[in-house]
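Some notes on the structure that comes next.
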There are 2 protein chains.
Amino acid sequence: MNVTIIDVAKKAGVSPSTVSRVISGSTRISAATTEKVKAVMEELGYHPNLMAKNLVSRTTMTIGLLLPRNADEAFLDLFFSEVTRGILSQATRAGYDLLLKTGKSEQEELEAVTRLAKGRRVDGIILLQSRRDDTVIRYLLQEKFPFVLIGRDPERPDILSVDNDNVQGAYDVTRHLLELGHRRIGYAGGPLELVVSSDRYEGYRRALAESGIEPDPRWVFGADLIRQDSTAAVRALMEQPERPTALVVMDDLLAFSLLGSLSELGWSVPGDMAVFGFNDNPMSPVSTPPVSSVDIGVYQLGLQAAGLLLKSIKNEEIAERRVIVPHRLLPRESSQPPGS
Amino acid sequence: MNVTIIDVAKKAGVSPSTVSRVISGSTRISAATTEKVKAVMEELGYHPNLMAKNLVSRTTMTIGLLLPRNADEAFLDLFFSEVTRGILSQATRAGYDLLLKTGKSEQEELEAVTRLAKGRRVDGIILLQSRRDDTVIRYLLQEKFPFVLIGRDPERPDILSVDNDNVQGAYDVTRHLLELGHRRIGYAGGPLELVVSSDRYEGYRRALAESGIEPDPRWVFGADLIRQDSTAAVRALMEQPERPTALVVMDDLLAFSLLGSLSELGWSVPGDMAVFGFNDNPMSPVSTPPVSSVDIGVYQLGLQAAGLLLKSIKNEEIAERRVIVPHRLLPRESSQPPGS
DNA sequence: CTGAAAGCGCTTACAG
DNA sequence: CTGAAAGCGCTTACAG
């Protein structure tokens, strides 16, 4: 019922092989034949059946994106849509499609990935997170199936990955605050099982150490604490005799919560507490006060990841197996010294 | 090189047909045979080649999602990730995959959709927006290819669609503000070419009219104005002799901008101006003050759209061709009367 | 420059 | 309950 290559061949008075060659822009087809076949394709409204094409060419022109299963953190909303746009942009440019997959558990994720890989559903896969001893990564490695991780797997530094230098990012923010004269600087983030979180904590700690400052453990508190009861967390923080005057906050969303609680308790930002966030939420510039943040280039992460994956799929030379997307400090009012 | 159905058949001592039947859980295969074949599949690590399966079964078990091309508005970030999650959840449950597509122009979008439909790449498509005289919708209709629109096409009320009742939503918000005693109520939103925007404006206008209030045109201003220079827009608004005491705002992100400018100019919310937003941004409850909003159930929009599309693909009975996802007012501090 | 033939890995009437 | 055969719509050596 649908127009096939055979219909076109008949009508154009050539063989199916020839039509196929015209479609693929193959060599050595006469201009006359090419023109005739193209005209017939147009006339009949022919479009190649991608399934058939994929089956015989053993390639799908599709890459898979595995979504992290607990995507219920608001931060991930933004990350997800930006990174997807980056991936899609790069993939589309190269003629590739993007298939989305998710799983509710590690088991389901593994099944999904197995289906994609073994079922020849996609040519490569992008991962948005890695867990300790990640079975998905282990499987992909063992099958030698092309994949790229956005982030970092401390146990397998040699896999293809695209990431920020999160240690350096937090280091930069902390140094920035130190240079503004702050000595007692706190850190809000976590959980530390997440690589990104522990990396940022490490950068924070390192900058302080370089200045000979040993952070008081009471200056450091977890994201879950803030989410549960931000006001209680802030009150506990501010009641300390030696309370911090600045906070490095792992994500702007967290920073917004803290801002709300500080204001509720009558403290002013940046007067009583300077705040510097991460991930440059679109709301950060328009919040009250505007929140200082680190732009981590989420779109770029996606773009680069897709680029790297495509190289891997096509067996092209890969210069760096680990691509670092640069970050950028965006100081705004929430961390400005009073005078400026 | 990869294990095929033939390898399994040989090893199990049966025909390929039988293996195929075991895989599809077909009728009339003896328990003994089934067991034997399954054991061999397990042993050989067999996984069906999806391309081959799709080719012969003329079905892809995949649905396509077309992303709106100008997805650079921050609001869409949230909408996109939530709606995708809803779609993915429903699709995965039914054993379907999700393919993402985008185009930089209407022309590119049409080409993308043509490839998907004619190329038998997907079984159905979900659209996230419609334009006046939308060529993509016209094409899909003409090809009788299954699709669902999230939103509303005023020119084609009979297509499958999932949407909120945006007129009613804005009506409800405006009534809520009227009941709190406000008489001069403004509206911030637009552009009015977007159906969702004009629908909300219509609901706003209707509620006022019912109370015998004719809105002053100076109370109504566009989103672009706010994005360009929120403070100027707010100043102009507040300098009016008969300035509004409450604002219906088309999106929470817009509300955040307004909040910032109001605060900057020394006005208090809700004291000097009550604000009621839309789309319940995750930040709304934690902003200062917490922003009243309308939860439009984005996840549900995605879930229902996928459900509707799957019914259409399977030619199942469809009771309502237009599904309305209920909205919910979430009054917070930004619209509370001073005393409460 | 072009065609005939085999094959990609599966499903599905048709027989038995 | 099971098998042989044809076919899904394309590509790609192999010949000429």
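Owing to the predicted nature of the structure, the values given are computational and were not obtained by experimental measurement. Numbered from 1 within each chain, the chains take letters A, B, ... in sequence-line order.
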Side chain of [X] - closest among [options]:
{"X": "B/Ile5", "options": "D/dT11, C/dC10, D/dG3", "value": "C/dC10"}
{"X": "B/Val56", "options": "D/dC10, C/dG3, D/dG7", "value": "D/dG7"}
{"X": "A/Ser17", "options": "D/dA5, C/dG3, D/dG9", "value": "C/dG3"}

Heavy-atom check, side chain of B/Leu110 versus side chain of B/Tyr139, under 4.5 Å: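 When only atoms from C-beta onward are counted, B/Tyr139 and B/Leu110 do touch, with a gap below 4.5 Å.
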Within-4.5 Å side-chain heavy-atom neighbours: B/Ile63 and B/Ile125: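 They are not in contact (no side-chain heavy atoms under 4.5 Å apart), so the answer is no.
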Over how many whole Å does the gap from [X] atom [atom1] to [N] atom [atom2] extend?
{"X": "A/Met41", "N": "D/dG9", "atom1": "CE", "atom2": "C1'", "value": "15 Å"}
{"X": "A/Lys53", "N": "D/dT11", "atom1": "NZ", "atom2": "C1'", "value": "10 Å"}
{"X": "B/Ile6", "N": "C/dT11", "atom1": "CD1", "atom2": "C1'", "value": "12 Å"}
{"X": "B/Arg121", "N": "D/dC10", "atom1": "CZ", "atom2": "P", "value": "14 Å"}
{"X": "A/Leu44", "N": "D/dG9", "atom1": "CG", "atom2": "P", "value": "14 Å"}
{"X": "B/Ile23", "N": "C/dT12", "atom1": "CD1", "atom2": "P", "value": "12 Å"}
{"X": "B/Asn54", "N": "C/dC8", "atom1": "CG", "atom2": "C1'", "value": "14 Å"}
{"X": "B/Leu50", "N": "D/dG9", "atom1": "CG", "atom2": "P", "value": "18 Å"}

Side-chain ion pair, B/Arg131 and B/Asp134, N-O less than 4.0 Å: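 Salt bridge: yes.
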Residues A/Asp153, A/Arg156: salt bridge by 4.0 Å N-O rule: yes
Hey, is the side chain of [X] poking within less than 4.0 Å of OP1 or OP2 on [N], counting only N and O atoms?
{"X": "A/Arg120", "N": "C/dC8", "answer": "no"}
{"X": "B/Arg58", "N": "C/dT11", "answer": "no"}
{"X": "A/Ser30", "N": "C/dC1", "answer": "no"}
{"X": "B/Thr4", "N": "C/dG9", "answer": "no"}

Sugar-phosphate, base or nothing in reach of A/Ser57, heavy atoms under 4.0 Å: nothing
Sugar-phosphate only, base, or nothing, as touched by B/Thr33 at under 4.0 Å among non-hydrogen atoms: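 Answer is sugar-phosphate: B/Thr33 comes under 4.0 Å of backbone atoms only.
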Pairing string, 5' to 3', for DNA chain D - Watson-Crick or wobble contacts under 3.5 Å, brackets [ ] where pairs cross, | to another strand: |||.||||||||.|||
Partners passing side-chain contact (heavy atoms from CB on, under 4.5 Å) against A/Glu111 (at least two apart in sequence or in another chain):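 For A/Glu111 the side-chain contact (heavy atoms from CB on, under 4.5 Å) partners, ignoring immediate neighbours, are A/Gln107.
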Closest-nucleotide ordering on DNA chain D, the 5'-leading residue of B/Val14 and B/Ala52: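 Going by which nucleotide is closer to the 5' end, it is B/Val14.
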Table please: side-chain donor-acceptor pairs of residues 317-326 of chain A below 3.5 Å, with sequence neighbours left out.
| from | atom 1 | to | atom 2 | distance (Å) |
| --- | --- | --- | --- | --- |
| A/Arg321 | NE | A/Asp158 | O | 2.8 |
| A/Arg321 | NH2 | A/Asp158 | O | 3.4 |
| A/Arg322 | NH1 | A/Gly151 | O | 3.3 |
| A/Arg322 | NH1 | A/Ser161 | OG | 3.0 |
| A/Arg322 | NH2 | A/Asp163 | OD2 | 2.9 |

Where at least one partner belongs to residues 33-52 of chain B, residue pairs that pass side-chain hydrogen bond (donor to acceptor under 3.5 Å, both in side chains), sequence neighbours excluded: B/Lys11-B/Glu43, B/Ser30-B/Thr33
Rounded C1' spacing from C/dT12 to C/dG16 in Å: 16 Å
Side chains of A/Ser20 and A/Ser17, donor plus acceptor under 3.5 Å: no
Flag for A/Ser81-A/Arg85: side-chain donor and acceptor within less than 3.5 Å: no
Would you tabulate the nitrogen or oxygen pairs shorter than 3.5 Å linking the protein to nucleotides 14-16 of chain C?
none

Non-neighbouring partners of A/Lys101 that pass salt bridge (Lys or Arg N to Asp or Glu O under 4.0 Å), sequence neighbours left out: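 If we apply the salt bridge (Lys or Arg N to Asp or Glu O under 4.0 Å) test to A/Lys101, skipping adjacent residues, the hits are B/Asp97.
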